[in-house]
> 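Below you'll find the structure I mean.
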Amino acid sequence: MKNTRQACIVGTGMFVPPKVVTNSDLERIMDTSDDWIRQRSGIEKRHVVENGVSTSDLAYEASVRALQDANCSARDIDLIILATLSPDHQFPGSSALLQQKLGLETTPSMDIRCQCSGFIYSLNVAKLFVESGQYNKVLVVGAEAHSPILDFTTRGRDVAVLFGDGAGAVIISSNIGDSPSKIESIALHSQGQYADRLWLERPGTAREKWITASDIEEGRCFPFMEGRYVFKHAVERLREVVLEVLEKDNLDIEHVDHFLFHQANLRINEKVAELLKIPSQKVHSNIQKYGNCSAASIPILLHESLKDGKIKKGDRVVAAAFGAGFTWAAASFIY
Ligand SMILES: CC(C)(COP(=O)(O)OP(=O)(O)OC[C@H]1O[C@@H](n2cnc3c(N)ncnc32)[C@H](O)[C@@H]1OP(=O)(O)O)[C@@H](O)C(=O)NCCC(=O)NCCS
């Protein structure tokens with residue numbers, strides 16, 4: 001029997017902190033170059049938080065804008081889902097802090113910890129809650145304050161130059177009237193065997209001590225990435241997962257109007273587009289301005305593509321992401 005409730009995106013919002021750090025600014029604090037960063041990743045600059053501005057602060061700003069766009073208030077929200085790899089604290093989840101900042105009293109909130117794939121995982125959870133009838137309106141946010149956990153010295157340059165801070169939010173609700181909007185198929189995957197190829201090892205419970213002085217001295221409290229290994233996996237998994245969602249919806253590449261790939265590296269997305277024969281005008285990018293915003297990348301890109309008039313009502317969009325875990329995911333929707 002066909003599900004009568006169909007989840008769709010009814011509003012979007014984004015926020016990046018005002019402070020901008022260019023590649024040239026990084027040249028002054030570590031052994032790197034604008035050329036190296038641009039050629040390897042496409043990134044020209046990124047936004048970073050001031051001291052004391054946290055992930056839930058960025059999430060709040062993006063949420064307020066998405067609520068306004070959806071023409072509703074925080075009180076209309078039945079559930080908050082926040083995807084992040086850079087939470088304010090180990091616990092409680094940043095979604096609870098966001099809930100409090102939105103002035104809500106007992107609205108349920110949950111964190112999703114699937115790194116760069118976290119927004120698409122969250123979209124799937126929101127879709128199921130809305131389509132089951134348990135909730136009418138769900139706020140889904142991807143938010144990251146990466147800069148406080150990066151090593152901005154030459155030791156950490158291979159990772160630090162790639163990331164930026166920001167948040168993107170969407171409101172998910174059930175479709176009403178004759179609007180074509182709907183979230184269709186979603187595909188989710190993970191493969192923990194590669195956890196240590198891209199991770200932030202410490203602090204954590206996997207060792208005898210939560211954190212030690214040598215963990216700090218030797219940099220285990222900063223993210224580690226085997227860049228080339230991650231690159232190769234990302235290209236292959238993104239290619240596969242795009243085909244997987246298209247197959248679920250019985251569609252081909254040419255039926256899709258827009259592709260929103262996770263913004264980790266311009267070269268990864270160009271390679272995926274080449275392998276799938278996707279015309280370049282259908283692949284949107286903003287990594288040049290923001291760097292890799294992990295769980296926030298796709299909702300920020302969605303919001304900008306809508307506001308720039310690239311994505312229009314009724315267009316079909318495929319979003320796909322790959323990140324630590326490894327995790328990877330794709331979602332197909334009509335806006
Ligand atoms: C990280 C990445 C840009 C590096 O590009 P690469 O071409 O693989 O470069 P390498 O890591 O092989 O490093 C090449 C050289 O540049 C150096 N280098 C690393 N970071 C540098 C920096 N910021 N500035 C200047 N040089 C740098 C390395 O030390 C190395 O030097 P060597 O040849 O003397 O040993 C690329 O591997 C990548 O994008 N990986 C995937 C990232 C990703 O998708 N992450 C997903 C997370 S969501």
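Quick note: numbers below take in every heavy atom, side chains included, and nothing from hydrogens, waters or symmetry partners.
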> Below 4.0 angstrom, N of the basic side chain to O of the carboxylate: do Glu201 and Arg207 qualify?
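Salt bridge present between Glu201 and Arg207.
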> Give the minimum heavy-atom separation between Lys127 and Ile186, together with the two atoms involved.
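Smallest interatomic distance, heavy atoms only, reads CD-CD1, 4.1 Å.
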> Report all side-chain donor-acceptor pairs from residues 162-171 shorter than 3.5 Å, counting only partners two or more places apart or in another chain.
{"from": "Asp165", "atom 1": "OD1", "to": "His146", "atom 2": "N", "distance (Å)": "2.7"}
{"from": "Asp165", "atom 1": "OD1", "to": "Ser147", "atom 2": "N", "distance (Å)": "2.9"}
{"from": "Asp165", "atom 1": "OD2", "to": "Val49", "atom 2": "N", "distance (Å)": "2.9"}
{"from": "Asp165", "atom 1": "OD2", "to": "Ser147", "atom 2": "OG", "distance (Å)": "2.5"}

> Would you say Ile81 ends up clustered with Ile172 if hydrophobic residues are merged whenever their side chains have heavy atoms under 4.5 Å apart, either directly or through other cluster members?
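Yes, Ile172 connects to Ile81 through the hydrophobic network.
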> Where do Glu304 and Lys289 land on the salt bridge (Lys or Arg N to Asp or Glu O under 4.0 Å) test, with the steps shown first?
CA-CA 12 Å; Glu304 282 202 337; Lys289 295 186 286 181; 3.2 Å; yes
> Grouping I, L, V, M, F, W and Y whenever their side-chain heavy atoms are under 4.5 Å apart, do Phe119 and Ile112 come out in a common cluster?
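In one cluster: yes.
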> I'd like to know if Asp257 and Lys282 make a salt bridge, using a cut-off of under 4.0 Å between side-chain N and carboxylate O.
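Lys282 and Asp257: not salt-bridged.
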> Under the 3.5 angstrom rule, does the side chain of Arg46 hit a backbone N or O of Ile287 as a donor-acceptor pair?
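Not at all, since once roles are kept as given, no pair shorter than 3.5 Å links the two residues.
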> Holding to ring pair (Phe, Tyr, Trp, His ring centres under 6.0 Å), I want the full list of residues that pass it with His189, two or more places apart in sequence or in another chain.
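Scan of His189 (ring pair (Phe, Tyr, Trp, His ring centres under 6.0 Å), adjacent residues dropped) gives Trp328.
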> How far apart are the closest heavy atoms of Gln90 and Pro203, and which atoms are they?
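Answer, listing the atom of Gln90 first, then Pro203: NE2-CG, 4.3 Å.
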> Listed by chain and number, what are the side chain to side chain contact (heavy atoms under 4.5 Å, CB included) partners of Lys313, not counting sequence neighbours?
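For Lys313 the side chain to side chain contact (heavy atoms under 4.5 Å, CB included) partners, ignoring immediate neighbours, are Ser179, Ser181, Tyr335.
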> Grab the two heavy atoms, one from Leu139 and one from Leu98, that are nearest each other, plus how far apart they are.
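Between these two residues, the closest heavy atoms are CD2-CD2, 4.4 Å.
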> Which pairs, with at least one residue in residues 27-70 and sequence neighbours excluded, count as a ring pair (Phe, Tyr, Trp, His ring centres under 6.0 Å)?
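Every ring pair (Phe, Tyr, Trp, His ring centres under 6.0 Å) pair that includes a residue of residues 27-70, provided the two are not neighbours, is His47-Tyr290.
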> Holding to side-chain hydrogen bond (donor to acceptor under 3.5 Å, both in side chains), I want the full list of residues that pass it with Asn265, two or more places apart in sequence or in another chain.
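Partners of Asn265 by the side-chain hydrogen bond (donor to acceptor under 3.5 Å, both in side chains) criterion come out as none, since no residue qualifies.
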> Can you spot which of Val138, Ile77, Ile80, Leu79 makes a side-chain contact (heavy atoms from CB on, under 4.5 Å) with Pro108?
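Of all the options given, the one that passes is Leu79.
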> Which heavy atom of Cys8 sits nearest to which heavy atom of Ser174, and what is that distance?
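For Cys8 versus Ser174, the nearest heavy atoms are SG-C, 4.4 Å.
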> Please determine whether a side-chain nitrogen of the Lys or Arg among Lys182 and Glu184 lies less than 4.0 Å from a carboxylate oxygen of the Asp or Glu.
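Judged by the 4.0 Å cut-off on N to carboxylate O distance, Lys182 and Glu184 do form a salt bridge.
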> Sequence neighbours left out, what passes side-chain hydrogen bond (donor to acceptor under 3.5 Å, both in side chains) with Lys209? Give chain and number order.
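Expected list: none.
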> Could I get the full list of side chain to side chain contact (heavy atoms under 4.5 Å, CB included) partners for Ile216, not counting sequence neighbours?
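Ile216 satisfies side chain to side chain contact (heavy atoms under 4.5 Å, CB included) with Ile211, Cys221 only.
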> Can a salt bridge be assigned to the pair Lys307 and Asp69 using a cut-off of 4.0 Å between side-chain N and carboxylate O?
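Looking at Asp69 together with Lys307, the answer is yes, because their closest N to O distance falls below 4.0 Å.
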> Strictly below 4.0 Å, N to O, side chains only: are Glu240 and Arg237 in salt-bridge contact?
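Yes, this pair counts.
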> Minimum heavy-atom separation for Ala330 to Val245, with atom names?
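Between these two residues, the closest heavy atoms are O-CG1, 3.4 Å.
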> Hey, are Glu131 and Arg5 close enough for a salt bridge, meaning a charged N less than 4.0 Å from a carboxylate O?
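No, no charged N to carboxylate O under 4.0 Å.
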> List the steps, then state whether side-chain hydrogen bond (donor to acceptor under 3.5 Å, both in side chains) holds for Asp25 with Thr22.
CA-CA 5 Å; Asp25 293 330; Thr22 63; 3.1 Å; yes
> Please collect all ring pair (Phe, Tyr, Trp, His ring centres under 6.0 Å) contacts where either partner lies in residues 293-318, sequence neighbours excluded, each pair once.
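Sorted pair list comes back empty.
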> Are Glu61 and Arg65 ion-paired here, with the side-chain N under 4.0 Å from a carboxylate O?
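Yes.
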> I'd like to know if the side chain of Asp35 pairs up with that of Ser33 as donor and acceptor (distance under 3.5 Å, no hydrogens or angles considered).
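No, Ser33 and Asp35 have no side-chain donor paired with an acceptor closer than 3.5 Å.
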> Would you say the side chains of Thr107 and Gln99 form a donor-acceptor pair under 3.5 Å?
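Result is no, nothing qualifies.
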> Might you work through the side-chain hydrogen bond (donor to acceptor under 3.5 Å, both in side chains) test for Asp88 and Ser54, ending with a clear yes or no?
CA-CA 6 Å; Asp88 296 37; Ser54 69; 2.7 Å; yes
> Using side-chain hydrogen bond (donor to acceptor under 3.5 Å, both in side chains) as the criterion, list what pairs up with Arg202, not counting sequence neighbours.
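Here the qualifying residues are Asp215.
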> Who passes ring pair (Phe, Tyr, Trp, His ring centres under 6.0 Å) against Tyr229, sequence neighbours left out?
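Listed in chain order: Tyr194, His233.
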> Check side-chain hydrogen bond (donor to acceptor under 3.5 Å, both in side chains) between Ser117 and all other residues, then give those that pass, not counting sequence neighbours.
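For Ser117 the side-chain hydrogen bond (donor to acceptor under 3.5 Å, both in side chains) partners, ignoring immediate neighbours, are Thr327.
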> Under a 4.5 Å side-chain heavy-atom rule over Ile, Leu, Val, Met, Phe, Trp and Tyr, are Val21 and Ile300 clustered together?
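Shared cluster, no.
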> May I ask whether Met110 and Leu128 are part of the same hydrophobic cluster, defined by side-chain heavy atoms of I, L, V, M, F, W, Y residues being less than 4.5 angstrom apart, directly or through others?
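Looking at the clustering, Leu128 is in a separate group from Met110.
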> What are the two closest heavy atoms between Glu27 and Asp34, and how far apart are they?
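Glu27 and Asp34 have their closest heavy atoms at OE2-N, 2.7 Å.
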> Verify, without hydrogens or angle tests, whether Arg316 (side chain) and Ile334 (backbone) share a donor-acceptor contact under 3.5 angstrom.
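Side chain of Arg316 to backbone of Ile334, a donor-acceptor pair under 3.5 Å: no, none is there.
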> Is there a path of hydrophobic side-chain contacts, each under 4.5 Å between heavy atoms of I/L/V/M/F/W/Y residues, joining Leu102 to Tyr135?
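Not linked; separate clusters.
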> Could you walk me through whether Glu144 and Thr84 pass the side-chain hydrogen bond (donor to acceptor under 3.5 Å, both in side chains) check?
CA-CA 6 Å; Glu144 307 285 1; Thr84 188; 3.1 Å; yes
> Does Asp151 reach the main-chain N or O of Phe222 with its side chain, forming a donor-acceptor pair under 3.5 Å?
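Not a single qualifying donor-acceptor pair exists.
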> Do His262 and Asn292 meet the criterion of a side-chain donor-acceptor pair at a distance under 3.5 Å?
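Side chains of His262 and Asn292: pair found under 3.5 Å.
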> For His89, what residues pass the side chain to side chain contact (heavy atoms under 4.5 Å, CB included) criterion, not counting sequence neighbours?
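Expected list: Leu97.
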